[in-house]
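Order of appearance sets the numbers: ligands from 1, and atoms from 1 within every ligand. Excluded from the calculations below are hydrogen atoms, water molecules and symmetry mates; all remaining heavy atoms, backbone and side chain alike, are included.
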Amino acid sequence: MLKKILIANRGEIALRIIRACRELGIETLAVYSEADEQSIHCQIADDAICIGPAASADSYLKADRILSAAELADVDAIHPGYGFLSENADFAEQCESCNILFIGPSSATIRQMGDKAMARDTVRAAKVPIIPGSEGTVTDEKEGLKIAKSIGYPVIIKAVAGGGGRGMRVAHNQVAFQREFDTARNEAEKAFGNGAVYIEKFIEEPRHIEFQVLADHHGKIVHLGERDCSVQRRHQKVIEEAPSPFLTPELRRRMGRAAVKAAEACNYRNAGTIEFLVDRSGAFYFIEMNTRIQVEHPVTEIVTGIDLVKKQIEIANGNPLGLEQKQIRLTGSHAIECRICAEDPSRNFAPSPGEIDLYYPPGGPGIRLDSHVYSRYQVPPYYDSMIGKLISFGKNREEAMVYMNRALREFLIGGIKTNIPFLQAILADPVFRQGQTTTRYVEEFLERTPRYLLAETTSPTA
Ligand code: MV4
């Protein structure tokens, strides 16, 4: 078994990976930026190495510094977590050539699925449903217009190097298309250094439903059911749940089979996620694949009883999956995750870094909290504003909502603003309660909700 793993990340996911390693008897090496010296992941890892200044570009994104730390400490593997270098094919390739296991798929798979037009063509060849659109990329406006006309407006123009909502433009007619096509290409070139785009029919008010897959190095691939991630604000997920309140057992089986086919098509290894859009009629379409562990993985862990981070490590070590599709029981339980962020929902979600002067975490039945923060912790301004994930679970969705409501109410965080009032307001909203959310849900919710309802009424003090 692997003896020592470097965790190339920070915050709650670094903590989550260290926990899995410790349970498996694997030594851990944390890396940290100067801003994270007091961070919990440095304290609880067996060892920790500073890799540079606060800015991510100078530390957590510096492949050479992380590889130097890995060589110095003689680790067997690197776990990249999510964000930062987790979907960087060049980094995975460097790990491969240094003979350090990258805990994830091969660099070739990351590269293939990171190009969103190539990902689309890859899964299409395996008969996974994709959204009607261009074959490959479109470089010429005239050709684009022809494609748009043949699939019918509205259409969406997407950057091949985009993903996660970056680099997309919608066109509702021919005139708009000519304008947006140029804009999309220029923006993509500026943002990603790659101006290539492709075209799809624009699906209005879809649900975002993603399937977790696990693939070992012996040809076995299974899916672990879905997560419904329709509650998003500006392409940032806010609440995720499993199972989706929208899927029937029949649709779940069909989408699960498609997810496994998509993973097969790209020779996938390790944990991955297939993202689908699902329209009102229940038609589903592949949009992209995430080749990493995701923030929202805990809801799948809860409804399947499978520890995904341990599975990632065991798969990387070469162990057979030891799971058959028919053994994977979606237990009938329900899990909901709320992302807790240091931001002020009453001031347009402005980041709210600073010192936490009081911290009282919720607990009790039906609650899991994955967080790296503590009383007197300084939330740094340099990184993502997420300070934890509050996960509730119960025998059904209603019970999971009862636990979540109660836990949000008793979660006390003083000194900084958080999005807890926003989460409470969504949990109280009939549209959410009835499971009627689409990717436009948050926007609509905010249009009909006065800002003062999203402000903390009392601020807890130490
Ligand atoms: C779409 C779409 C509608 N039609 N593609 C946004 C993120 C990226 N993963 C793909 N995205 C979308 N692609 C077609 N053809 C709508 C979105 C979209 C969206 C998707 C998932 C979750 C939230 C979203 C919010 C706005 C738009």
Considering only NZ, NE, NH1 and NH2 on the basic side and carboxylate oxygens on the acidic side, decide whether Lys389 and Glu296 come within less than 4.0 Å.
-> no
What orientation do Phe211 and Phe276 show, parallel under 30°, tilted 30 to 60°, or perpendicular over 60°?
-> perpendicular
Please produce the table of protein N or O atoms sitting under 3.5 Å from N or O atoms belonging to ligand 1, one pair a line, distance to 0.1 Å.
{"unit_1": "ligand 1", "atom_1": "4 (N)", "unit_2": "Ile203", "atom_2": "N", "d": "2.9"}
{"unit_1": "ligand 1", "atom_1": "5 (N)", "unit_2": "Lys158", "atom_2": "NZ", "d": "2.9"}
{"unit_1": "ligand 1", "atom_1": "9 (N)", "unit_2": "Glu275", "atom_2": "OE1", "d": "3.4"}
{"unit_1": "ligand 1", "atom_1": "9 (N)", "unit_2": "Glu288", "atom_2": "OE1", "d": "3.1"}
{"unit_1": "ligand 1", "atom_1": "13 (N)", "unit_2": "Lys158", "atom_2": "NZ", "d": "3.1"}
{"unit_1": "ligand 1", "atom_1": "15 (N)", "unit_2": "Glu200", "atom_2": "OE1", "d": "2.9"}
{"unit_1": "ligand 1", "atom_1": "15 (N)", "unit_2": "Lys201", "atom_2": "O", "d": "2.7"}

Answer yes or no: is there an ion pair linking Glu187 with Arg169, defined by an N-O contact shorter than 4.0 Å?
-> yes
Do Phe102 and Ile110 have side-chain heavy atoms sitting under 4.5 Å apart?
-> yes
Lys/Arg cation over aromatic Tyr403: Arg397, 6.0 Å, 45° cone = no
Is the shortest side-chain N to carboxylate O distance from Glu314 to Lys310 below 4.0 Å?
-> no
